[in-house]
Chemist: 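Before I ask anything, here is the structure I am working with.
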Amino acid sequence: MSDKPWDGRFSQKTDKIVEAFTSSIMVDKRLYAHDIEGSIAHSRMLANVSIITGEEASLIEKGLLKIEKDIESGKFEYDDSLEDIHMHIESRLAKDIGKVALKLHTARSRNDQVALDVRMYLRDEVNKIISGLIELRKVIIDLCAKNTDTIMPGYTHLQKAQPVLFSHHLMAYYEMFLRDTERMRDCFKRINVMPLGSAALAGTTYPIDRNYTAKLLGFPKVTANSMDSVADRDFIIEFISSAAICMVHFSRFSEDLIIWSSYEFGFIELPDAFATGSSIMPQKKNPDVCELVRGKSGRIFGDLISMLTIMKSLPLSYNRDMQEDKIAMFDAVDTLTACIEVYTRMLPELKINKEVMLKASSSGFLNATDLADYLTIKGMPFREAHSCAGKAVAFALKKGKELHELSLDEIKTFSNLFSDDVFEVLTPASMINRRKSSGGTATGNVLAAIKKAKKDIAKEA
Ligand code: ARG
């Protein structure tokens, strides 16, 4: 017979194919440190309420710490017949310290144990992700601070619309990553609840002290319902949703950088260290890092759909389907972490082609709105002014000129409200600096936004 913890009830050995199929060790071995930390807290709690002796608890603790060392030094052996990290550690503990190891699982089930482990793991990772997002936002602020006079065309429908400050465009991403940070902080609150002591599903007959375990593990509170405790993976779904939204931002940012670095735009140049060449075309410098970040967003959306689908029809409480949660969770953590890291490293190295951007802002009729606004200020109703400016655009197009290249006489043919002060209004800098409405691109606004972001982030870090 095998030495499975449930073998009392079984008369047949588990089929090898089933062992391989049900095993999750190659995935969940990543949880070893949290599993050990959780087990140590559990055994201390058991001793504290006299379910085991203090001596037994310290034997268990020493044994677990030795296993942790062995895992870290690569000495630990994994075997499908032991299914998961929880059983691996428990079985090894029994080999190392004998019978007393068998007391560790008192008042505990793998169902609440795994719930604890993933919460502890995710809590650590979300904290790292929050720090990573703060670093990324700092890098964005620095890039903005260096570009408070860099003018670029702003786009809608990927058609030139109105000039904006490059730093205003970048601060839009700052806002997105700020919301991502907030979302991570918010989901952290629901990760940070201690499920152990719920046992298999109904709680336990032993006089355990769940709050004591929670305190040892730094959880501010314990879960309220034992069935929910072992059945709940909302906190993983919430994390991956937040990660997915964050990846939407990374993907859009990537798309902007890819477009801007194209030969046709030439607004920026990606650092050589963050681009790749082509094996056949010598002239190529490809934005592969940005493309991969954009592509990896698809991976995380997939993780989210996996989690939602795994959970959606499960009857309460624990079901083995839930073992699949870790694949999606680890992938989302790894992918998001890597994207944050690579962007934080790459952004400071971007070469910004200020002249090219300014030149691009001076053609393509980005000042047509301002021509209409000029007339509105002089008393013409906006709709009429819009049509008047439209006619001027059509005329200039025919002449192969920009609006600001028309002569005063030519412009006056569209309205006699025009006088020579119109040309000043049509320059990119003037267009930007007159957009003083709250949240608009005027230099003063952008400087204030950068200043505020710097102040806020100093409080966060
Ligand atoms: N490896 C399992 C998981 O990740 C641990 C819990 C197993 N519980 C059980 N009763 N089979 O979900």
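Start at 1 and go down the list; that is how both ligands and their atoms are numbered. Both backbone and side-chain heavy atoms feed into the values below; hydrogens, waters and symmetry mates do not.
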Chemist: Are the ring centres of F330 and Y121 closer than 6.0 Å?
Modeler: yes
Chemist: Nearest to atom 11 (N) of ligand 1, what protein heavy atom do you find, and at what distance?
Modeler: R110 NH2, 3.6 Å
Chemist: Do the side chains of D303 and R299 get close enough for a salt bridge, i.e. N-O under 4.0 angstrom?
Modeler: no
Chemist: How are the rings of F250 and F177 set to each other: parallel, tilted or perpendicular (split at 30° and 60°)?
Modeler: tilted
Chemist: Output the list of atoms in ligand 1 that are nearer than 4.0 Å to some heavy atom of D84, sorted by atom number.
Modeler: 1 (N), 2 (C), 5 (C)
Chemist: Please work out, at 4.0 Å between heavy atoms, whether the side chain, the backbone, both, or neither of K326 comes within that distance of ligand 1.
Modeler: side chain
Chemist: Going by an N to O cut-off under 4.0 Å, is there a salt bridge joining E19 and K16?
Modeler: yes
Chemist: Tell me the protein heavy atom at minimum distance from atom 3 (C) of ligand 1, and give that distance in Å.
Modeler: Y318 OH, 3.2 Å
Chemist: Look at atom 8 (N) of ligand 1 and say which protein heavy atom is nearest, naming residue and atom and giving the distance to 0.1 Å.
Modeler: N111 OD1, 2.9 Å
Chemist: Does the pair R30/D334 count as a salt bridge with the N-to-O cut at 4.0 Å?
Modeler: yes
Chemist: Go through ligand 1 atom by atom and flag the ones less than 4.0 Å from a non-hydrogen atom of S24.
Modeler: 1 (N)
